[in-house]
Amino acid sequence: MASSGEISVLTELAHATCHSADRFAAAARACSDSYRSLVLEQCCDDRRRLVVDILRCLLLRGVPIP
């Protein structure tokens with residue numbers, strides 16, 4: 001069974017990564033340069049994939065995800 005400290009760290013990491021993905025998405029929408037927009041969108045996608053992996057870790061540890 002996972003410790004509560006490990007679970008809280010993963011939860012905070014998931015929240016921070018979601019926030020980061022939101023910021024990248026907003027920056028990509030505001031960017032007028034197509035290349036920069038593409039790079040920002042790729043960073044956003046990477047963050048979203050990371051969130052999915054973190055949530056999988058939490059689910060494997062038996063933490064219910066709303």
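Taken from OG in Ser8 to CG in Leu13, the straight-line distance is 11.0 Å, to the nearest 0.5 Å. Taking CG of Leu10 as the start and OG1 of Thr17 as the end, the distance is 10.0 Å to the nearest 0.5 Å. The structure places CG of Asp45 at 7.5 Å from CD of Glu41, a figure rounded to the nearest 0.5 Å. If you take CZ on Arg47 and NE2 on His19, they are separated by 11.5 Å, rounding to the nearest 0.5 Å. Here the straight-line distance linking atom CG of Leu59 with atom CD1 of Ile54 works out to 12.0 Å at 0.5 Å rounding. Taking OG of Ser37 as the start and CD of Gln42 as the end, the distance is 12.0 Å to the nearest 0.5 Å.
The minimum heavy-atom distance between Leu58 and Ile7, with the atom names listed, is CD2-O, 3.9 Å. Shortest non-hydrogen contact noted between Ala14 and Leu55 is CB-CD2, 4.4 Å. Heavy atoms only, all atoms of each residue included: Cys44 and Ala25 are closest at SG-CB, 3.8 Å.
Tracing side-chain contacts under 4.5 Å through hydrophobic residues (I, L, V, M, F, W, Y), one never reaches Leu50 starting from Phe24; they form parts of separate clusters.
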